[in-house]
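Notes follow once the structure below has been shown.
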Amino acid sequence: MESQLTFHLSVLEGDHRSQPTPSREFRDPAFMENRSAPVHRWVPWIAGFSAQFVEDVFHECLSARVSHRPLVLDPFAGVGTTLVQAMLHGYHGVGFEVNPYAALAARTKLTAASIDLKALDALIHRVERVPAKGNGQQTSEQYRPRGFRSRIPFFSPQIEPQVLALLELLYTIPQRDLADLTKMAFGAVMVQVSNYTYEPSLGSRPGAGKPLLDFADVPSVLAAKLRQIRGDVVWLQERLSRMPTGLKREIHCDDFLAPGTQVKSGSVDLVLTSPPYMNNYHYVRNTRPQLFWLSLLTQPDDLRQLEQRNFGKYWQTVRGADPIRLQCTHSSLAQTLKTLRSTRAALGAYGGPGWANYVTSYFNDCDRFVAILKEVLRRRGAAVVVIGNSIIQGIHIPTDQILGELAEAHGLRLEKIVVLRAKRVGASITSSSVRRGKRNGAGLYESAVVLRKR
């Protein structure tokens, strides 16, 4: 650990000659590597793992386990990359995900092998028969989400009738697994036929310098996605036919940090996960279209409740609260928070005081997280936590190192911190008018924090 500690301290003290060097132990974890991988490619997800990174972690942490079939846990499962890879290896897998759309995608992937291909073919044929100008019926108006708001019309007038007709079709599908698969597929293509775009956050097309999308053949787009999925289902069924039966494949649409976790104490061989980074990327709001148009949420208050359950909260949800107290003991973090709270203090919630609340909330959740890891891990079980550092109000915060130290305070052993990427996208956290402070020579990087239960 000495080399990693030297790196972090040099950056904090302003010695910018020392830069993180990516390790060759693990391949790039970026989700973009999944764009061509069967099953993983079904839903784009900016915060996901690459399947090849998961493979490397399995090889390092599980290859020596032969006495029993391992249990892999992902407490922040996203769209299920870790769980799918565990399934393909014949491991038990359990995941938690608070975002209902991501949980839907993960569950659909884990159960897709049971899809009736003839029923899927019939559905694709029905989708292709939906007129590209909508069906002209007023009955489909009931599927427009009442609680959804956007600055400009989310779908153009020539596109929305098609969307409503497809939603009407979706709700006539009698098979639950096929209906879920169709919801997931529609959610995956929804934004590309809308007046919004991911850049990488969700924003309007005009705001990104793109014209409004006046027309798209939405049934053809959805049918093409379903045909891609069908090919992958065939591949998946063939792969799983060689796997043992009775594997645990669970995804809970729930908060892993909530009391009464559904994971048995001392049962987990490997935790492989990535909690939300402390970069204020709004995972909930970036899936608002899917959450509302797929009826996973119905009211704005549902969205606010989901935001409150998010790991680390969001700056917008805690900035105006009374000063939040750090619930763990960590002297250097406490000093950093004190410095942050006094930075641009005259701006109140938009200056250091608001951001100090955000950072405090984040590390309070980190402390609860590692405490639960200690409880659920089997003896000598491992946890690999991918996390990124942060620069807030000009102050560099080595999130990976602090997480490792919090874990050690709870009795876990910090084996190593492996730098995965020396550079990562995150300018908004350093350059936006409400985030910036003094210029800081530190850069954004991404690490794997490797922990072991003694």
Side-chain angles (χ1 to χ4, degrees), residues 30-32 35 43-48 79 99 101-102 105 130-134 140-141 143-167 183-225 276-277 279-300 302-304 306-307 310 314-317 319 350 424-436 444:
F31 188 83
M32 66 180 61
R35 290 177 179 174
V43 178
W45 195 250
I46 188 173
V79 294
N99 187 308
Y101 173 61
V130 173
K133 292 185 178 180
S140 59
E141 291 289 321
Y143 299 110
R144 181 184 289 112
R146 303 304 177 192
F148 180 75
R149 301 288 183 270
S150 56
R151 294 181 180 178
I152 60 174
F154 192 76
F155 295 113
S156 294
Q158 293 298 314
I159 294 177
E160 185 171 293
Q162 302 176 56
V163 169
L164 296 175
L166 287 167
L167 290 174
K183 276 188 176 183
M184 178 203 69
F186 185 67
V189 301
M190 179 187 300
V191 172
Q192 78 180 64
V193 298
S194 78
N195 285 320
Y196 280 72
T197 181
Y198 288 116
E199 301 288 336
S201 294
L202 183 68
S204 70
R205 288 175 60 89
K210 299 178 179 180
L212 294 174
L213 191 64
D214 293 328
F215 179 78
D217 186 343
V218 184
S220 294
V221 171
L222 178 57
K225 186 67 178 180
Y277 292 1
N279 60 3
N280 208 44
Y281 182 82
H282 215 300
Y283 300 95
V284 173
R285 294 187 185 180
N286 278 286
T287 55
R288 278 196 323 119
Q290 292 87 351
L291 290 169
F292 281 96
W293 281 89
L294 299 178
S295 300
L296 299 169
L297 298 181
T298 58
Q299 301 296 330
D302 297 337
L303 191 72
R304 286 189 288 270
L306 187 57
E307 290 172 343
N310 192 78
Y314 294 105
W315 169 71
Q316 293 91 334
T317 62
R319 65 190 180 194
Y350 288 85
R424 76 172 211 269
V425 175
S428 64
I429 200 68
T430 60
S431 302
S432 139
S433 62
V434 297
R435 295 164 172 78
R436 63 173 175 249
L444 295 175

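In terms of modelled atom types and a separation under 3.5 Å, the side chain of R146 and the main chain of Y143 share no donor-acceptor contact. In this structure, D217 contributes its side chain and A132 its backbone to no donor-acceptor pair below 3.5 Å. In this structure, Y314 contributes its side chain and Y283 its backbone to a donor-acceptor pair below 3.5 Å. A distance-only check finds no donor-acceptor pair linking the side chain of R205 to the backbone of N195 [under 3.5 Å]. Checked by atom type and distance alone, the side chain of Q158 never pairs as donor or acceptor with a backbone atom of F215 at under 3.5 Å. The main-chain N or O of P289 is never found under 3.5 Å from a side-chain atom of Y101 such that the two would form a donor-acceptor pair. Within the 3.5 Å criterion, the main-chain N or O of G207 finds a donor-acceptor partner in the side chain of S204. A donor-acceptor distance shorter than 3.5 angstrom exists from the side chain of N280 to the backbone of W315, with no hydrogens or angles considered. Between the side chain of Q299 and the main chain of G147, no donor-acceptor pair closer than 3.5 Å is present. Using a distance-only test at 3.5 Å, with no hydrogens or angles considered, a donor-acceptor pair links the side chain of S156 to the main chain of L213.
The structure places CG of L297 at 8.0 Å from CG of N99, a figure rounded to the nearest 0.5 Å.
Between R285 and L202 there is no side-chain heavy-atom pair separated by less than 4.5 Å. Counting heavy atoms from C-beta on, the side chains of L291 and L306 come closer than 4.5 Å. At least one side-chain heavy atom of H282 sits under 4.5 Å from a side-chain heavy atom of Q316. Side-chain contact check for L212 versus P206: some heavy-atom pair is nearer than 4.5 Å. Contact of the M190 side chain with the F154 side chain is registered, since non-hydrogen atoms from C-beta on lie closer than 4.5 Å. Using a 4.5 Å cut-off on side-chain heavy atoms (C-beta onward), P276 and Y281 make no contact.
Closest non-hydrogen pair, R151 versus Y196, comes out as N-OH, 3.1 Å. Considering every non-hydrogen atom in both V130 and P219, the closest pair reads O-CG, 3.4 Å. Contact between F155 and V193 at its shortest, heavy atoms only, is CD2-O, 3.7 Å.
A salt bridge is defined here as a Lys NZ or Arg NE, NH1 or NH2 lying under 4.0 Å from an Asp or Glu carboxylate O, and E307 with R304 fails to meet this definition.
Taking the six-membered ring for Trp and thresholds of 30 and 60 degrees, F148 and F292 have ring planes inclined between 30 and 60 degrees apart.
Residues T197 and E199 bring a donor and an acceptor atom of their side chains to less than 3.5 Å of each other.
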Problem set entry | side-chain contact (heavy atoms from CB on, under 4.5 Å) between Q290 and L296, worked out | CA-CA 8 Å; Q290 292 87 351; L296 299 169; 5.6 Å; no
